[in-house]
Amino acid sequence: MSVFKSSEGRRDIHDRYESLLRQWPVENRQLRLPTRYGETFAIACGREDAPALVLLHGTAANSASWIIDVPLWSRHFRVFCIDIIGDAGLSAESRPPYESDAHQQWLDDVMRELSLSSAALAGMSFGGWLALDYATRRPECVDKLVLFSPGGIGRNRNILLWAIPLLLLGPWGRRKMLERIGGRPATSLSPAESSLLELTATIFTHFKPRTAKLPQIGDEALQRLNMPVLAILGGKDVFIDAPETKRRLEQNVPDLTMRHLPEAPHFIPGQTEAVLQFLLDPAEMARRSGQAM
């Protein structure tokens, strides 16, 4: 079954997404990668000889989620934005079960097709769970790990109790739901930010969200994360139990940098520079500091 409510809805989402791809802020290559779970769409940008950074968006989204971040990150990394299978991008619509090694196999295939033996890995929300699941299964393949509001650590909150009534109220209700998830939009938006907001509203209109519950990642698995980990959490997250997520990460992850923002919602803007500082090695940070003086 399709992950879109109708063929017209799929076309509307893809048209808006492809329009954003034509406005991509840096030079890029758009790739179609074969995997055992179907074709996977990816955007590659940055120097080909730079260290690799693989990005996984949240659910009910696609790689347009990173359009604000890639101009800075691609100056230092070869950035690969991956459309997750079964989501609102251009990859195959397959949704393998969470309680298996299917997503690890899918990412194995993606890494192989990108000719990567290892990379820094960053994931947002559901993409954070995917990144975390992969890093616990394949720690040797993950140089550094960045988690934006990741699922599967703290308890999931049931947003359907308030989201479904809002969705029934048309455009106003969808706008209010998006505000609870990502905060009130700034009064002045860039063209890219405005287009991204329109794409998000279109996705929520025409996309069938995932309903399966994410499996909890156990303490023993978290303790296998032997790479440096940055976690970015918002205290007003409506999707995950942020305090429990913070506690479990701090108790179990050996090399953890915690960035907890008490007033932030689930989707947290303005983290581009902080993530870059975490990802850069000390020698590169010293060079950047010298240039700033």
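None of the values given here were measured: they were computed from a predicted structure. Note that these values count all heavy atoms, side chains included, but never hydrogens, waters or copies made by symmetry. Positions are given from 1 along the sequence.
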Report yes if the side chains of [X] and [Y] come closer than 4.5 Å at any heavy-atom pair, otherwise no.
X	Y	result
His76	Leu280	yes
Thr257	Val229	no
Leu145	Leu132	yes
Asp15	Thr202	no
Pro34	Glu113	yes
Met258	Leu249	yes

Rounded to the nearest 0.5 Å, what's the gap from [atom1] on [X] to [atom2] on [Y]? Could you check?
X	Y	atom1	atom2	value
Arg247	Asp241	CZ	CG	8.5 Å
Glu39	Ser94	CD	OG	11.0 Å
Leu114	Leu116	CG	CG	5.0 Å
Ile232	Ser149	CD1	OG	8.0 Å
Leu72	Leu276	CG	CG	4.5 Å
Leu256	Gln251	CG	CD	11.5 Å

Relative to each other, are the rings of [X] and [Y] parallel, tilted or perpendicular (30° and 60° limits)?
X	Y	value
Phe239	His266	tilted
Phe126	Trp129	parallel
Trp66	Trp73	tilted

Q: In sequence, state the C-alpha distance, the side-chain angles, and the governing distance for Glu93 and Ser2, and then conclude on side chain to side chain donor-acceptor pair (under 3.5 Å).
A: CA-CA 7 Å; Glu93 296 185 26; Ser2 177; 2.9 Å; yes
Q. Do Leu90 and Arg32 pass the side chain to side chain contact (heavy atoms under 4.5 Å, CB included) test, and can you show the C-alpha distance, the side-chain angles, and the key distance before you say yes or no?
A. CA-CA 9 Å; Leu90 300 176; Arg32 303 279 181 166; 3.9 Å; yes
Could you tell me which non-hydrogen atom of [X] sits nearest to which non-hydrogen atom of [Y], and how far apart they are?
X	Y	answer
Ser195	Leu20	CB-CD2, 3.6 Å
Ala102	Pro97	CB-O, 4.3 Å
Gly127	Ile84	CA-CD1, 4.1 Å
Ile82	Ala42	CD1-CB, 3.7 Å
Ile153	Pro150	CD1-CG, 3.8 Å
Ile203	Ala61	CD1-CA, 4.1 Å

Q. Passes side chain to side chain contact (heavy atoms under 4.5 Å, CB included), Leu121 versus Lys144? Steps please.
A. CA-CA 6 Å; Leu121 190 57; Lys144 290 188 176 181; over 6 Å; no
Quick one: does any side-chain atom of [X] pair with a main-chain N or O of [Y] as donor and acceptor, under 3.5 Å?
X	Y	value
Thr205	Ala201	yes
Glu8	Ser6	no
Ser118	Cys141	no
Asn28	Val26	yes
Arg78	Pro51	no

Q) For the side chain to side chain contact (heavy atoms under 4.5 Å, CB included) test, which of Leu230, Leu233, Leu147, Val146 pairs with Arg259? A)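 Among Leu230, Leu233, Leu147, Val146, the one that satisfies the side chain to side chain contact (heavy atoms under 4.5 Å, CB included) with Arg259 is Leu230.
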Q: Could you walk me through whether Ser19 and Arg16 pass side chain to side chain contact (heavy atoms under 4.5 Å, CB included), step by step?
A: CA-CA 5 Å; Ser19 175; Arg16 288 183 182 273; 5.6 Å; no
Q.
Going by side-chain hydrogen bond (donor to acceptor under 3.5 Å, both in side chains), name the residues that satisfy it together with Tyr98, two or more places apart in sequence or in a different chain.
A.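 Tyr98 satisfies side-chain hydrogen bond (donor to acceptor under 3.5 Å, both in side chains) with no residue once adjacent residues are dropped.
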For residues 221-228, run the donor-acceptor check on the side chains, cut-off 3.5 Å, and write out each pair with its distance to 0.1 Å, sequence neighbours left out.
residue	atom	partner	partner atom	Å
Gln223	NE2	Asn252	OD1	2.8
Arg224	NE	Thr136	O	3.2

**Q.** Candidate pair Ser190 and Glu193, rule side chain to side chain donor-acceptor pair (under 3.5 Å), full reasoning
**A.** CA-CA 5 Å; Ser190 69; Glu193 290 171 327; 3.3 Å; yes
Q: May I ask you to check whether Asp69 and Thr272 show a side-chain donor-acceptor distance below 3.5 Å?
A: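 Side chains of Asp69 and Thr272: pair found under 3.5 Å.
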Q: For a side chain to side chain donor-acceptor pair (under 3.5 Å) with Asp108, tell me which candidate from Gln104, Gln105, Arg112 qualifies.
A: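 So, applying the side chain to side chain donor-acceptor pair (under 3.5 Å) to Asp108 and each of Gln104, Gln105, Arg112, only Gln104 qualifies.
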Q: Validate the cation-pi geometry between Lys5 and Phe207: distance from NZ or CZ to the six-membered ring centre under 6.0 Å, angle to the ring axis within 45°.
A: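 No; the conditions do not both hold, so Lys5 does not lie above the ring face of Phe207.
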Q) Between Asp83 and Ser63, does a side chain to side chain donor-acceptor pair (under 3.5 Å) hold up when you go through it step by step? A) CA-CA 6 Å; Asp83 276 8; Ser63 291; 2.8 Å; yes
Q) More than 12 non-hydrogen atoms from neighbouring residues, nucleotides or ligands closer than 6.0 Å to CD on Glu140, yes or no? A)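 Yes - once you tally the heavy atoms of other residues, nucleotides and ligands closer than 6.0 Å, there are more than 12.
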Q: Mark yes when over 12 heavy atoms from residues, nucleotides or ligands other than Glu99 sit less than 6.0 Å from its CD; otherwise mark no.
A: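 For Glu99, atom CD is crowded (more than 12 foreign heavy atoms under 6.0 Å).
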(Q) I need the full list of ring-ring contact (aromatic ring centres under 6.0 Å, His included) pairs touching residues 31-64, with sequence neighbours left out, sorted by first then second residue. (A)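 Found none.
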**Q.** Evaluation steps, side chain to side chain contact (heavy atoms under 4.5 Å, CB included), between Lys208 and Met1
**A.** CA-CA 10 Å; Lys208 297 177 185 177; Met1 293 180 64; 4.0 Å; yes
Q) Under 6.0 Å between the ring centres of Phe4 and His206? A)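 Ring centres of His206 and Phe4 not closer than 6.0 Å.
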Q.
Could you walk me through whether Asp87 and Arg210 satisfy the salt bridge (Lys or Arg N to Asp or Glu O under 4.0 Å) test, starting with their C-alpha distance in whole Å, then the side-chain angles of each, then the deciding distance to 0.1 Å, before giving a yes or no?
A. CA-CA 8 Å; Asp87 230 288; Arg210 300 172 188 267; 3.1 Å; yes
(Q) Go through it in stages, so that I can follow the logic: the residues are Tyr134 and Asp101, the test is side chain to side chain donor-acceptor pair (under 3.5 Å), and I'd like the CA-CA distance, side-chain angles, deciding distance and then a yes or no. (A) CA-CA 9 Å; Tyr134 190 72; Asp101 59 357; over 6 Å; no
Q. Any Lys/Arg nitrogen of Arg248 or Glu244 sitting under 4.0 Å from an Asp/Glu carboxylate oxygen of the other?
A.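 Result for this pair is no, no salt bridge flagged.
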